[in-house]
Amino acid sequence: MKIWDQYLDRKRALFRTQYQTPLELFDSANGILIKCFEVCGGERTKPGYTRRNARLIFLVTDLILYLFVNLYSIAIVWGSLMDVVFCFVTLGIAIQGLAKIECFTCPELNDLHLYNVGRFSVPPRFPEVEEALFHTAAMCKVFIKILAVAFSIVAIAIFSYAILMPVVSHQLSLAFGFYLPFLDFRSPVGFAINSAYQSLQVIEGCCGLMACDSCLLFLILNATGQMDLIIIYLQRLSEMIDGNGGGQNDDEIADVISYIVTKHLEHTKYVTDMDKLLKKQFFISFCCMIFELVASLAIIVRTPWYPGMAVTLICTIQLFVSCALGTFLSSKNDKLIEEIYNVNWYGLSTKHQKTLQQVLLHSQHPVVLSDGFSAIDLFNFVEIYKKIYSYLMVLQNMS
């Protein structure tokens, strides 16, 4: 953690020299996100965006074709367990893609983005507020660059595997188990066309997943950033109460409490809208990844299947990151509750005490991200892997 904190401090110092305001830094990070989405036609946060653009229509058409190609391939390779599982695994990735397209191109996402832009546009009342906004924007910028590097490595690894396979096996072999119908991938022409088709899926998949994961990260970081601002105002409230011996801060205390209530209501609505936006996508993605993990592990325990190992690793990382983000959001809410408790309640009037008590009650029952059945957190991650282990043991006993 110390190394990570030092890295963030260096990045924040660098961004301070490059950008004058937190809004400029956030717009820069969002500009990178838009460029990633533009590859697939899903740049919802860009002004004037419409789903009726050629890139998104091509992507949806390609994914639907991809589903049929996988079903065709399953029918062709039926009887070979490893090939069938490989096709099913890639089929799950296509279903995830369609769910993410529906989620990350809907108007509700832009509403959340505009609210975040509005937060960065308001002049800060205290120096700590500007620092907190700058921290949120810097985190967005840092993480989208980290994800860009990570997904680039994944894409390079896949393309390297696709190139090395024919060389090692001394025959024309495709990297994935699906291939276009009526084209013999063992012939030079068929192999070239199928390789180009699979390469297209890899590029779209890596760019699309990177953009969606970055967008999810932006939403979570801004949600925690909202609580950071409320915490700052609670700390300022405590200072005002402690220095209010003669009642000279009464008006300012009332103003700060009103701000805290307003921002907490806005935060609650933000997280509620975010949960509604992501719930269906989480459910479909988690179901697909659980199926992919069980299917891949069922083959790996029998034979060293390297593509299945890669799928297992990637799905595990995706599950863990999503659940870790949910836990990060919950832990920030715990810090908010602690800060409310730390306020000097005895220095407040009965009216202000009751008002702050309502904020505390709502904070103790926060809206959490869920897949419709359970909260998205690290506890759920452990439960998911327990289920995967149970399903795997059932398959082992059946075989």
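Keep in mind that this is a model prediction, so the values were computed, not measured. Basis for what follows: all heavy atoms, side chains included, without hydrogens, waters or symmetry-related copies.
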Under 3.5 Å, side-chain donor or acceptor atoms of residues 105-114 against the rest of the protein: list the pairs with distances, not counting sequence neighbours.
from	atom 1	to	atom 2	distance (Å)
T105	OG1	R51	NE	3.0
T105	OG1	R51	NH2	3.2
T105	OG1	I101	O	2.5

Report, one line per pair, each donor and acceptor closer than 3.5 Å where one atom sits in a side chain of residues 212-227; sequence neighbours left out.
from	atom 1	to	atom 2	distance (Å)
S214	OG	M210	O	2.7
N222	OD1	R119	NH2	3.2
N222	ND2	F218	O	2.8
T224	OG1	I220	O	3.3
T224	OG1	L221	O	2.8
Q226	OE1	H267	ND1	2.9
Q226	NE2	N222	O	3.4

Donor-acceptor contacts under 3.5 Å from residues 274-282 side chains, at least two apart:
from	atom 1	to	atom 2	distance (Å)
D275	OD1	S370	N	3.1
D275	OD2	K279	NZ	3.4
Q281	OE1	K100	NZ	2.8
Q281	OE1	S285	OG	3.2

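Note: the hydrophobic cluster containing V261 also contains L360 (ILVMFWY, side chain heavy atoms under 4.5 Å, direct or indirect links). W345 and L361 are assigned to two separate hydrophobic clusters, defined by single-linkage of ILVMFWY side chains at heavy-atom distances under 4.5 Å. I290 and Y385 fall within the same hydrophobic cluster, defined by Ile, Leu, Val, Met, Phe, Trp and Tyr side-chain heavy atoms under 4.5 Å apart, directly or through other members. L8 and L14 fall into different hydrophobic clusters, where Ile, Leu, Val, Met, Phe, Trp and Tyr residues are linked whenever their side-chain heavy atoms come under 4.5 Å apart, directly or through other members. Neither V122 nor L25 shares a network with the other; the hydrophobic side chains, linked directly or stepwise wherever heavy atoms of I, L, V, M, F, W or Y lie under 4.5 Å apart, form separate groups for each.
Residues forming a side chain to side chain contact (heavy atoms under 4.5 Å, CB included) with K386 (at least two apart in sequence, or on another chain): V382, E383. Taking Y270 as the reference, N116 meet the side chain to side chain donor-acceptor pair (under 3.5 Å) condition, with sequence neighbours excluded. I57 meets the side chain to side chain contact (heavy atoms under 4.5 Å, CB included) test with T61; sequence neighbours excluded. Residues satisfying the side chain to side chain donor-acceptor pair (under 3.5 Å) test with D377, not counting sequence neighbours, are none.
The aromatic rings of F381 and F320 sit perpendicular to each other, their planes meeting at more than 60°, with 30° as the lower class boundary.
Ion pairing between a basic and an acidic side chain is recognised when a charged N comes within 4.0 Å of a carboxylate O; K263 and E266 show such pairing.
In this structure the side chain of H362 never reaches within 4.5 angstrom of the side chain of L265, judged on heavy atoms. Side chains of L356 and L234 form a contact here, defined as non-hydrogen atoms less than 4.5 Å apart. Residues L313 and T316 form no side-chain contact, since every pair of their non-hydrogen atoms from C-beta on lies 4.5 Å or further apart. Contact of the L65 side chain with the Y197 side chain is registered, since non-hydrogen atoms from C-beta on lie closer than 4.5 Å. You'll find the side chain of E128 stays beyond 4.5 Å of the side chain of Q235, heavy atoms only. L329 places none of its side-chain heavy atoms less than 4.5 Å from the side chain of V368. Contact annotation: the side chain of E338 never approaches that of D334 to less than 4.5 Å [non-hydrogen atoms, C-beta and beyond]. For the pair L67 and I95, the minimum side-chain heavy-atom distance is below 4.5 Å.
Listed by first and then second residue, the salt bridge (charged side-chain N to carboxylate O under 4.0 Å, His left out) pairs that reach into residues 130-152 are R16-E131, sequence neighbours excluded. Sorted by first and then second residue, the side chain to side chain donor-acceptor pair (under 3.5 Å) pairs with a member in residues 323-333 read D228-K332; sequence neighbours excluded. Pairs passing the salt bridge (charged side-chain N to carboxylate O under 4.0 Å, His left out) check and including a residue from residues 53-74, sequence neighbours excluded, read E43-R55.
Atom NE2 of H135 sits about 15.0 Å away from atom NZ of K11, to the nearest 0.5 Å. A distance of 10.0 Å separates SG of C287 from CD of Q96, quoted to the nearest 0.5 Å. To the nearest 0.5 Å, the span separating SG on C36 from CD1 on I144 amounts to 5.0 Å. Between the CD1 atom in I257 and the OG1 atom in T262 there is a gap of 11.5 Å [rounded to 0.5 Å]. Atom CD of residue Q318 and atom CD of residue E292 lie 8.5 Å apart, to the nearest 0.5 angstrom. Between I340 atom CD1 and H264 atom NE2 the span is 6.0 Å, to the nearest 0.5 Å.
The shortest non-hydrogen separation linking A137 to P22 is CB-O, 3.7 Å. The minimum heavy-atom distance linking N342 with S238 is given by the pair O-OG, 4.1 Å.
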**Request:** Kindly determine whether V69 and Q201 satisfy side chain to side chain contact (heavy atoms under 4.5 Å, CB included), including the steps that lead there.
**Result:** CA-CA 12 Å; V69 167; Q201 311 313 309; over 6 Å; no

**Message:** Applying side chain to side chain contact (heavy atoms under 4.5 Å, CB included) to L325 and I376, what does each step give before you reach the verdict?
**Reply:** CA-CA 8 Å; L325 289 174; I376 304 297; over 6 Å; no

**Prompt:** Between L229 and L133, is a side chain to side chain contact (heavy atoms under 4.5 Å, CB included) present by the stated rule, with each step listed?
**Reply:** CA-CA 8 Å; L229 296 191; L133 290 171; 4.0 Å; yes

**Request:** Using the side chain to side chain contact (heavy atoms under 4.5 Å, CB included) rule, take N380 and F286 through it: C-alpha gap first, then chi angles, then the decisive distance, then the call.
**Result:** CA-CA 11 Å; N380 188 38; F286 278 31; 4.1 Å; yes

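With a 6.0 Å radius and a threshold of 12 heavy atoms from other residues, nucleotides or ligands, F126 has its CZ atom above the threshold. Taking a 6.0 Å sphere around CD of Q20, one finds it holds 12 or fewer heavy atoms contributed by other residues, nucleotides or ligands.
Checking side-chain atoms of S258 against main-chain N and O of A254 turns up no donor-acceptor pair under 3.5 Å. Not one N or O on the side chain of S28 forms a donor-acceptor pair closer than 3.5 Å with the backbone of E24.
Annotation for I153: hydrophobic cluster partners, listed by chain and number, are V149 (ILVMFWY side-chain heavy atoms under 4.5 Å, direct or chained). Taking a 4.5 Å side-chain heavy-atom cut-off between Ile, Leu, Val, Met, Phe, Trp and Tyr, the cluster of L200 extends to F58.
The only option from F26, Y19, F134, Y115 that meets the ring-ring contact (aromatic ring centres under 6.0 Å, His included) definition with F120 turns out to be F26.
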